[in-house]
Amino acid sequence: MTAAAFAAVLRPEQRDIRLIESSEIGIVGVGEATLPHIRFFNRRIGLDEADLMAKTQATFKLGIEFVNWARIGDSYIHPFGAYGSKIAGVPFHNYWLRQEAEGVSTPIEDYSLPIVASRLNRFALPSEDPSSVMSTFGYAFQFDASLYARYLRGFAEQRGVRRTDSKIVDVKLRGEDGWVESVRLESGEAVSGDLFIDCSGFRGLLIEQALKTGYDEWTRWLPCDRAMAVPCENSGPLTPYTRATAREAGWQWRIPLQHRMGNGYVYSSNFISDDEAAAKLLSRLDGKPLADPRPLRFTAGRRRKTWNRNVIGIGLAGGFLEPLESTSIYLIQIAITTLLDYLTDGNGTDGSGADRAAADGNRFDPRIVEAYNRWIEMEYDRVRDFLILHYHATERDDAPIWNYCRTMDVPDSLKHKMELFRRRARVVTYKDGLFLEPSWLAVYFGQRVMPTAWDPLADALDGAEVRRQLQAVREQVQSTVVRMPTHEEFLARYCPAVPPSTGAGARA
Amino acid sequence: MTATIMRVVVVGGGSVAWLAAAGLRRAFRKRGVDVLVLDTGMPADAPVGRWTLPSQRGMHGLLGIPEADLIRRTGATFKLATEHVGWQGDGSHFLHAHGDIGADIAETPFYKYLVMQAINGRAESAEVYSLAATAARTGRFARPTGDEKALTSSFTYGFHLDEAAYVAYLAAHAAQLGVRRMNASLTSVDRLPGGEVESLRMANGERIAGDLFLDCSGSAALLMRQIGADERDDWSTWLPCDRMISARAPFIPELPPFTRTVAADAGWGWRLPLARASAAGYVYSSAFATDEAALRYLQSAVPGVETPGRAVPLASGRRRRFWEKNCVALGASAMQLEPLAGADLHFAQLGLGTLIELFPLDVSGAIEGAEYNRVMTDHADALRDFTIAHYRAGRARAGEFWTATRTVPPPQRLADRLDLFQASARINLTDFETFEEVDWAWLLLGAGLIPSALELHIRARVENVTAQQVAPLRAHIDGLAASMPRHSEYVQRSNA
């Protein structure tokens with residue numbers, strides 16, 4: 001993603017990009033479900049959506065279904081879209097709560113177009129007309145991450161990125177300041193550069209092994225540290241959503257692609273053995289497994305500085321947050337686009353940072369590096385709080401992991417958010433970073449964090465008028481969704497994928 | 001529903017008190033919430049005249065105040081910009097206009113083009129690419145019109161207000177909304193076991209009970225002082241001005257549609273036009289000027305100025321907790337900040353809007369208070385930073401006072417922002433900010449701050465733009481400004 005974006009956004013004279021990867025080292029393909037933001041990324045670099053989808057076996061995604069999280073048997077969908085819309089300037093859910101209290105009980109899901117469409121396996125592209133209910137949602141993709149990587153490789157190479165298939169056998173640091181000067185390949189070639197982007201995965205070949213940057217661990221809040229991944233055959237209709245099912249020691253993902261189903265079990269090694277996790281996973285698949293389960297290990301957290309000297313860690317080299325909310329590719333994307341936004345032409349003349357930097361023989365103004373790191377920290381921290389909410393807001397007491405998470409001490413920022421919601425249904429919102437009000441609402445309501453009161457401003461409207469307006473939203477959502485094509489019909493028309501040749505689909 | 005807050009008591013008698021009372025009454029009138037203003041008179045720190053941000057228009061809309069009526073009855077005038085004179089040394093001046101700078105180039109803000117030109121040694125003023133600034137410079141005014149992409153809607157405006165007339169107008173409007181008023185002088189408070197205020201005691205022995213109490217008494221903080229919630233963040237190391245005087249001054253015939261601030265030896269003076277007079281003042285540091293010297297400055301800078309009342313102290317800083325128990329401080333009782341950015345009433349409005357959104361369900365209001373304090377702290381610090389930035393951007397004016405304003409490093413978040421702009425022309429805003437990217441661009445470019453580099457992706461989009469290509473925009477703006485009425489005529493017609 002990084003090489004493609006740099007090649008697409010920077011002009012040829014502004015960059016000279018080499019990509020070094022070893023085909024002997026596997027790719028961690030956990031990020032197969034994405035967020036709507038991926039579409040901005042694809043558009044910014046100029047990808048054709050239908051072509052991309054066809055070549056990556058992609059399906060559409062309107063949200064994530066969470067099963068068994070607050071209680072066994074519960075199910076809710078976190079949608080890419082809003083519940084109703086504001087009435088008299090007051091967020092919709094306040095009126096819904098008021099109506100519930102007045103004895104008219106309706107599921108909150110009925111007021112969300114993407115949820116209702118998901119439940120009925122329907123899909124259509126959203127409308128750009130803000131007055132249409134079809135403009136109240138966004139969508140993302142579920143795709144084969146290794147096919148996406150292959151697609152981007154072709155895109156990048158066409159634009160002048162030179163790829164070398166090799167392992168890196170040594171990293172040479174500059175004596176005077178410890179910046180990376182070059183990396184040595186198996187052939188003996190030394191590849192030098194101004195900026196090194198470390199996409200080597202969790203081990204952080206440059207950012208950690210060479211620069212010893214350090215890592216902030218968040219396992220006390222996010223205890224899962226391993227995963228097993230396995231694809232299986234599809235059975236039943238393709239759902240336009242991902243599913244995350246809470247299990248005895250973590251949770252299981254289910255991501256439908258056109259040619260197969262991606263599955264995995266994210267778990268804590270404190271609560272289950274690898275063998276048992278693999279066995280549990282294989283016993284809970286929709287169809288026949290297409291490979292042996294592949295183990296992954298990780299530690300939730302973030303590199304202390306994702307940009308250190310002239311190295312930037314992107315992807316797992318920068319940090320890891322489990323894919324519960326499909327944030328892996330988002331965090332990669334945001335690192336890339338933020339970096340692209342912050343890079344300057346660096347011909348400084350003001351006698352301060354840039355000049356000093358130039359005199360030191362490098363081109364990165366420390367003031368920009370610090371601003372970049374602050375931004376990435378903010379992104380990770382906000383995702384972290386939202387993920388912790390899923391584990392913490394549970395009533396489950398059937399397994400040690402849930403007892404731990406239910407009773408653990410959460411960050412003050414999250415505690416405050418939950419208290420304010422319980423008290424009066426107010427969602428703490430922020431300008432930057434992931435997860436807007438509807439996302440918080442979905443998880444609060446879905447995980448039984450129920451307010452005891454609502455915004456008093458929602459009492460200004462007459463009760464009958466509230467019921468009339470809410471009823472109108474439900475009816476509009478329902479009548480719109482039933483006119484949408486099924487997800488499979490839409491895929492067949494928009495981006496049919498070629499069935500993979502024998503065996504090709506088995507690679508995760 | 002559970003809400004038991006039915007009686008709101010507002011302590012104060014200036015514009016903040018009446019805005020808050022009217023705003024709460026209008027928001028919760030249907031619920032039968034009673035709003036009583038305990039009128040303790042005009043706060044001592046109220047200026048004779050004030051300049052506002054464009055958000056005051058929205059405030060009037062929310063209160064149901066017809067703008068034309070307000071203009072006619074209070075002698076207010078329109079404000080397209082603030083001019084800062086002498087801040088970067090004698091002869092320096094720039095406008096911070098309430099409008100766009102140019103028009104986006106390939107989805108890139110126009111000011112980035114100006115940055116590129118400046119880096120290449122061809123610095124030019126942003127003013128000539130702004131309809132608001134051009135109209136301000138040529139004494140023209142008209143309300144914005146047309147669809148949002150039209151140049152004629154590329155700006156907005158604030159007001160110049162005669163404080164006493166404005167307060168009288170707001171008080172009458174609040175009364176129409178059913179706000180009650182009582183002249184009073186607060187002597188003590190009675191508290192509930194939980195520490196919440198139960199009632200206020202007046203000098204005449206009367207007790208006024210309430211569920212929620214607002215302190216809008218200005219820097220005197222008559223109520224907050226009573227409940228002992230006085231922990232503050234002090235900002236005087238960055239903002240050394242600690243005294244203010246203001247007075248009425250003669251009518252300015254050409255009626256400039258902007259406020260002017262002028263850097264002086266011990267602080268800065270200001271002047272703004274009103275329909276039948278003008279107002280002027282001096283904000284200064286007592287370490288560098290006595291009150292007598294300040295008065296002499298004002299009299300020489302503004303011929304014919306009336307004799308001001310006593311100098312009022314200005315303790316730059318903010319309360320740590322704006323909301324304590326069932327008491328909320330709004331306006332200058334919450335934060336004291338020199339009026340450089342014209343955001344005093346805006347800050348009160350932010351407090352009021354946040355209070356309405358978090359209107360407490362009962363007298364404890366602890367969770368709402370925590371959220372309110374979190375949000376308003378950020379707002380206050382953002383206003384502080386924008387104000388301090390005026391002292392930090394560009395070349396420093398000579399003189400001991402001006403050297404003193406730069407001796408300590410700025411607050412970290414401002415330092416980060418200025419550093420990033422200097423390094424890359426990038427302006428990052430955080431969650432709660434009054435001033436937008438374009439406001440920072442007006443200030444930083446106006447002060448002559450030239451970044452050392454430009455973001456690569458931005459350069460790619462602006463570097464082939466030539467001065468010839470943007471020249472028609474300037475001509476178009478000149479033509480539009482010339483077709484606008486003179487501000488003096490516009491105000492005259494508004495008063496007809």
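In what follows, every chain begins at residue 1, and chains take the letters A, B, ... in the order their sequences are listed.
In this structure, the separation between CG on B/Asp431 and CG on A/Asp432 is 6.0 Å, given to the nearest 0.5 Å. In this structure, CG in B/Asn428 is found 9.0 Å from OG1 in A/Thr338, a value given to the nearest 0.5 Å. Rounding to the nearest 0.5 Å places OH of A/Tyr430 at 15.0 Å from OG1 of B/Thr430. Between A/Gln14 atom CD and B/His457 atom NE2 the span is 10.5 Å, to the nearest 0.5 Å. Separating the CZ atom in B/Phe359 from the CZ atom in A/Arg424 is a distance of 9.0 Å, to the nearest 0.5 Å. Note: B/Ile367 CD1 to A/Arg426 CZ = 13.0 Å, rounded to the nearest 0.5 Å.
When heavy atoms are compared at a cutoff of 4.5 Å, B/Glu357 approaches chain A by way of both its backbone and its side chain. Neither the backbone nor the side chain of A/Arg98 has a heavy atom closer than 4.5 Å to any heavy atom of chain B. Contacts of B/Arg417 with chain A are absent, with no heavy-atom separation under 4.5 Å from either backbone or side chain. Using a 4.5 Å cut-off between heavy atoms, A/Arg44 touches chain B through its side chain atoms alone. For a residue to count as touching a neighbouring chain, one of its non-hydrogen atoms must lie under 4.5 Å from one of that chain's; by this rule A/Ile368 touches chain B with backbone and side chain alike. For B/Glu463, the part lying under 4.5 angstrom from a heavy atom of chain A is the side chain only.
Nearest heavy atom pair, residue A/Arg367 against residue B/Ser452, reads NH2-OG, 3.8 Å. When all heavy atoms of A/Ala371 and B/Leu420 are compared, the closest pair comes out as CB-CD1, 3.6 Å. Of all non-hydrogen atoms in B/Phe28 and A/Pro456, the two that sit nearest each other are CE2-CB, 4.3 Å.
Highest contact tally toward chain A, considering only B/Glu455, B/Lys30, B/Arg426, is held by B/Arg426 [criterion: heavy-atom pairs under 4.5 Å]. Between chain A and the residues B/Ile356, B/Val375, B/Leu358, the most heavy-atom pairs under 4.5 angstrom are made by B/Leu358. Among A/Arg423, A/Lys417, A/Glu102, the residue with the largest count of heavy-atom pairs under 4.5 Å with chain B is A/Arg423.
Within 6.0 Å of atom CZ in B/Arg395, 12 or fewer heavy atoms from other residues, nucleotides or ligands are found, so the atom counts as exposed in its surroundings. No more than 12 heavy atoms of other residues, nucleotides or ligands sit less than 6.0 Å from atom CD of B/Glu107. A 6.0 Å sphere centred on CG of A/Asp409 holds no more than 12 heavy atoms belonging to other residues, nucleotides or ligands. No more than 12 heavy atoms of other residues, nucleotides or ligands sit less than 6.0 Å from atom CD of B/Glu436.
Under the 3.5 Å distance criterion, the side-chain polar atoms of A/Lys431 are matched with a main-chain donor or acceptor of B/Leu429.
Annotation: side chain of B/Arg374 is in contact with side chain of A/Val428 (closest heavy-atom distance under 4.5 Å). Using a 4.5 Å heavy-atom cutoff, the side chains of B/Leu456 and A/Leu10 are in contact.
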